[in-house]
Amino acid sequence: MKMTKENKHLDDATVDNANGTEFRSRNFIQQIIDEDMKSDKYGGRVHTRFPPEPNGYLHIGHAKAICINFGIKEEFSGKCNLRFDDTNPVKEDTEYVEAIQEDVKWLGFQWDGLFYASDYFGKMYEYAQILIRKGKAYVCDLTAEETREYRGDFTTPGKNSPYRERSVEENLDLFERMKKGEFPDGERVLRAKIDMESPNLNMRDPVLYRISHNEHHNTGAEWCIYPMYDYAHPIEDAIEGVTHSLCSLEFENHRPLYDWVLNEIGVWETPPQQIEFARLNMTNTLMSKRYIRALVEDGTLDGWNDPRLHTLSGLRRRGVTAEAIKNFIEEVGVSKSNSVVDSENLDHFVREDLKMKAPRAMAVIDPLKVVITNYPEGQTEMLEAELNPENPEMGSRQIPFGRVVYVEREDFMEEPVKKFFRLFPGNEVRLRHAYFIKCNEVIKDEAGNITELHCTYDPETKSGSGFTGRKVKGTLHWVAEADHINAEVRLYDHLLAEGEDGEDIVNPNSLVKLENCKLEPYFGSSEKGDKFQFLRHGFFCEDSKVSTDEMKVFNRIVSLKSSWKK
RNA sequence: UGGGGAUUAGCCAAGUCGGUAAGGCAGCGGACUUUGACUCCGUCAUUCACAGGUUCGAGUCCUGUAUCCCCAGCCA
């Protein structure tokens with residue numbers, strides 16, 4: 001058995017070397033398109049679209065749809081449109097169409113066409129008339145409640161509407177009068193005439209048009225009848241020449257209707273096809289617009305771009321790069337099973353991407369004073385520190401060093417536990433980019449709290465001097481008393497945590513504000529939006545440069561990687 | 001309850017003429033290190049929801065069962 005395994009491994013390696021490339025399997029959508037290309041179904045064309053309804057901000061779940069649609073465009077040298085699916089005037093707003101465009105661009109995608117479903121209202125109206133003339137649609141006067149009753153349920157077949165057999169002329173006339181605004185909201189609808197006994201509830205004479213006397217963000221007051229998603233969407237796709245209409249799993253039951261609409265209208269030779277995939281779910285976060293809105297309104301969250309949120313604007317503010325998001329989505333893959341991706345996966349790609357891009361800088365969020373007793377009083381020296389040891393091209397900065405420095409309080413333990421190799425009495429560690437220091441004395445106040453440490457340094461151990469005399473196991477971040485920035489730091493953790501009953505609750509510690517944090521001067525020269533890697537675990541992302549009382553506010557994103565456990 | 005989907009490790013996920021379970025994340029062990037990071041090396045499914053069947057051989061084919069998700073908006 002073991003031999004077999006090893007041999008298999010060798011074979012694979014050989015194959016990989018021969019190809020020179022790593023094999024990456026194709027997802028089921030790519031395979032469908034491969035087939036269509038082979039059979040020349042669409043004459044070699046591949047055309048997708050990303051069709052958000054402009055009723056909220058995009059989140060990482062949308063990013064999956066965006067990456068899939070635009071990814072296919074790029075792979076097959078096709079096209080991809082951005083289309084606002086704005087068929088319901090009461091829920092939509094221009095504010096969102098702008099935010100959505102910004103987010104798509106930020107992710108790094110450029111659409112071929114920018115459209116609004118509402119651009120096609122005229123066409124859709126004409127197609128509805130075709131359906132009426134064919135006897136495939138009728139105006140129905142049932143109330144919403146009656147319609148529901150007539151529809152039946154899972155086990156009971158529906159009943160035909162008493163208005164189902166109206167004449168073509170009467171339907172045409174009524175439909176036109178609906179459009180002219182002769183009827184109030186809810187008085188009549190246009191319905192497809194399909195099959196009230198269909199086991200698929202979506203096929204039981206679905207509503208195609210409803211009356212809604214509301215201002216539309218794009219068409220204003222031009223229309224008072226609006227098409228329903230199931231009728232509008234296939235038409236939008238067909239008009240734009242979309243070949244593969246990718247959507248999420250919950251629309252699987254709608255596919256027969258999608259096909260029905262296109263077939264019955266019958267003006268497209270090779271209509272687009274709908275393909276469904278599972279949407280992205282993640283642990284530790286909130287994607288539901290409803291709950292996010294509630295938390296924004298009660299002040300728990302600082303807007304839709306709160307760094308704890310997985311909205312694209314929130315992730316951006318938090319310092320997550322578009323590249324990291326795209327890599328994450330590619331790795332997570334596309335399938336049809338409902339799944340919940342662990343947020344560790346995203347964190348991994350954030351680390352991976354920022355690792356080479358983010359400058360390293362030192363910050364101490366819970367300062368403990370250290371006096372270097374053998375360092376000359378009043379003296380300050382500048383030390384050279386590379387910005388990113390893995391990426392020398394980023395250059396270096398100068399950091400001040402003096403007799404008094406601050407280290408992280410948690411980097412000192414008076415009575416060290418096993419495998420703790422940072423600072424403790426008698427132990428020697430390196431101050432990063434500086435010298436070895438040894439702790440000689442612990443100073444406490446009356447209450448027994450540690451107030452400062454007295455250490456000595458060894459000038460021979462200066463960073464970059466090539467000193468190899470002895471080694472230390474720990475390296476500490478520090479900030480000099482002589483020149484530093486006092487700041488308030490916000491620590492962000494996961495928004496959701498597991499409650500006692502296993503249900504997700506809002507993590508009360510998801511945002512912690514800490515004052516009196518100390519940052520090295522380099523932070524002061526950064527641009528707004530800069531990210532820094534710091535300490536052992538996380539990344540620092542500048543949130544705002546607002547300086548009140550000389551205090552700068554930074555975010556520290558925690559929990560990217562925890563690495564030391566007791 | 002009728003219909004439509006899904007089910008491969010802690011989490012995603014490959015597996016497409018049936019030929020003896022890719023990869024990533026997380027974990028674990030070790031090496032290295034001026035961030036306990038990073039990097040590196042090793043390890044991590046005798047088994048594919050379950051039960052039968054066909055076959056020399058089944059995650060892949062057949063039959064049955066179970067569980068989860070979606071559908072009863074004039075939302076998308």
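Labels below follow one simple rule: chain letters A, B, ... track the order of the sequence lines, proteins then strands, and each chain is numbered from 1.
Among the nucleotides B/rC38, B/rG5, B/rC71, the one closest to the side chain of A/Leu201 is B/rC71. Out of B/rG24, B/rG3, B/rU34, the shortest distance to the side chain of A/Pro199 is found at B/rG3. Here B/rG24 is the nucleotide among B/rA14, B/rG36, B/rG24 with the atom lying nearest to any side-chain atom of A/His348. In the set B/rG73, B/rA76, B/rG4, the nucleotide with an atom closest to the side chain of A/Glu252 is B/rG4. In this structure, the nucleotide among B/rA76, B/rC74, B/rC12 sitting nearest to the side chain of A/Val207 is B/rC74. Distance from the side chain of A/Lys336 is smallest for B/rA6 among the nucleotides B/rG23, B/rA76, B/rA6. Listed candidates were B/rG2, B/rA13, B/rC12. Nearest to the side chain of A/Val341 is B/rC12. Ranking B/rC12, B/rA76, B/rG36 by closeness to the A/Val332 side chain, first place goes to B/rC12. With B/rU35, B/rC75, B/rG5 as the candidates, the nucleotide lying closest to the side chain of A/Lys91 is B/rC75. Each of B/rC11, B/rC75, B/rC69 was ranked by its minimum atom distance to the side chain of A/Asp342; first place goes to B/rC11.
B/rC74 and B/rU65 are spaced 34 Å apart, taking the P atom of each and rounding to whole Å. Taking atom P on both nucleotides, B/rA72 is separated from B/rA58 by 43 Å, rounded to a whole Å. The same atom, C1', is picked in B/rC11 and in B/rG27; the two are 12 Å apart, to the nearest Å. Rounded to the nearest Å, the gap between the P atom of B/rG4 and that of B/rA22 is 35 Å. When the P atom is compared between B/rU7 and B/rC32, the two are found 45 Å apart, to the nearest whole Å. One P atom belongs to B/rA6, the other to B/rU20, and the distance between them is 26 Å to the nearest Å. Using atom C1' as the reference point in both B/rC40 and B/rU8, the two lie 30 Å apart (nearest Å). Straight-line distance between the C1' atoms of B/rG64 and B/rA21: roughly 26 Å, to the nearest whole Å.
At a threshold of 4.0 angstrom between heavy atoms, the contacts of A/Asp85 are confined to the sugar-phosphate backbone, with no base atom among them. Among the protein residues, A/Val472 comes within range of no part of the nucleic acid, since none of its heavy atoms lies under 4.0 Å from any strand. Base contact: A/Arg430 has a heavy atom under 4.0 Å from a base atom. Across all strands, A/Ser337 comes closer than 4.0 Å only to sugar-phosphate atoms, never to a base (heavy-atom distances).
At least one side-chain nitrogen or oxygen of A/Arg148 sits closer than 4.0 Å to the OP1 or OP2 atom of B/rG73. At B/rG15, one or more side-chain N or O atoms of A/Gln31 fall inside 4.0 Å of OP1 or OP2 (strictly under the cut-off). Taking 4.0 angstrom as the limit, A/Arg210 places a side-chain polar atom (N or O) nearer than this to OP1 or OP2 of B/rC75. In this model, the phosphate group of B/rU34 is not approached by any side-chain N or O of A/His433 to a distance below 4.0 Å at OP1 or OP2. Residue A/Ser463 has no polar side-chain atom (N or O) positioned under 4.0 Å from OP1 or OP2 of B/rU34. Proximity of A/Arg351 to the phosphate of B/rA26: a side-chain N or O atom is located under 4.0 Å from OP1 or OP2. At the phosphate of B/rC74, neither OP1 nor OP2 sits under 4.0 Å from any side-chain N or O atom of A/Ser212.
The closest donor-acceptor contact from the side chain of A/Asn284 to the backbone of A/His494 lies at 3.5 Å or more, if one exists at all. With hydrogens and angles ignored, the 3.5 Å screen pairs a side-chain donor or acceptor of A/Thr147 with a backbone N or O of A/Thr143.
At a cut-off of 3.5 angstrom, the base of B/rG36 holds at least one donor-acceptor pair with the side chain of A/Arg422. Within 3.5 Å, no donor on the side chain of A/Glu390 pairs with an acceptor on the base of B/rU39, nor the reverse. A donor-acceptor contact under 3.5 Å is formed by the side chain of A/Asn253 with the base of B/rG3.
Taking syn as a glycosidic angle within 90° of 0, B/rG57 does not qualify and is anti.
Lacking a ring centre under 5.5 Å from that of the base six-membered ring together with a plane angle below 30°, A/Tyr229 does not count as stacked on B/rA76. In this pair, A/Tyr209 does not lay its aromatic ring on the base of B/rC74; centres under 5.5 Å and planes under 30 degrees do not both hold.
Scored by the side chain to side chain contact (heavy atoms under 4.5 Å, CB included) test, A/Ala385 finds A/Arg397, A/Ile399, A/His433 as partners (sequence neighbours excluded).
The two residues A/Phe175 and A/Ala128 have their closest heavy-atom pair at CE2-CB, 3.6 Å.
Using the six-membered ring where Trp is involved, A/Phe467 and A/Phe436 have ring planes that are perpendicular, over 60° apart on the 30 and 60° scheme. Ring-plane geometry between A/Tyr120 and A/Phe115 is classed as tilted, the angle between the planes lying from 30 to 60 degrees on a 0 to 90 degree scale.
For the pair A/Arg188 and A/Phe183, the cation-pi criterion (under 6.0 Å, within 45° of the ring axis) is fulfilled.
Of the candidates A/His216, A/Arg210, A/Lys180, A/His213, A/Cys224 forms a side-chain contact (heavy atoms from CB on, under 4.5 Å) with just one, namely A/His213.
Rounded to whole Å, atom C1' of B/rU16 lies 13 Å from atom CD1 of A/Ile32.
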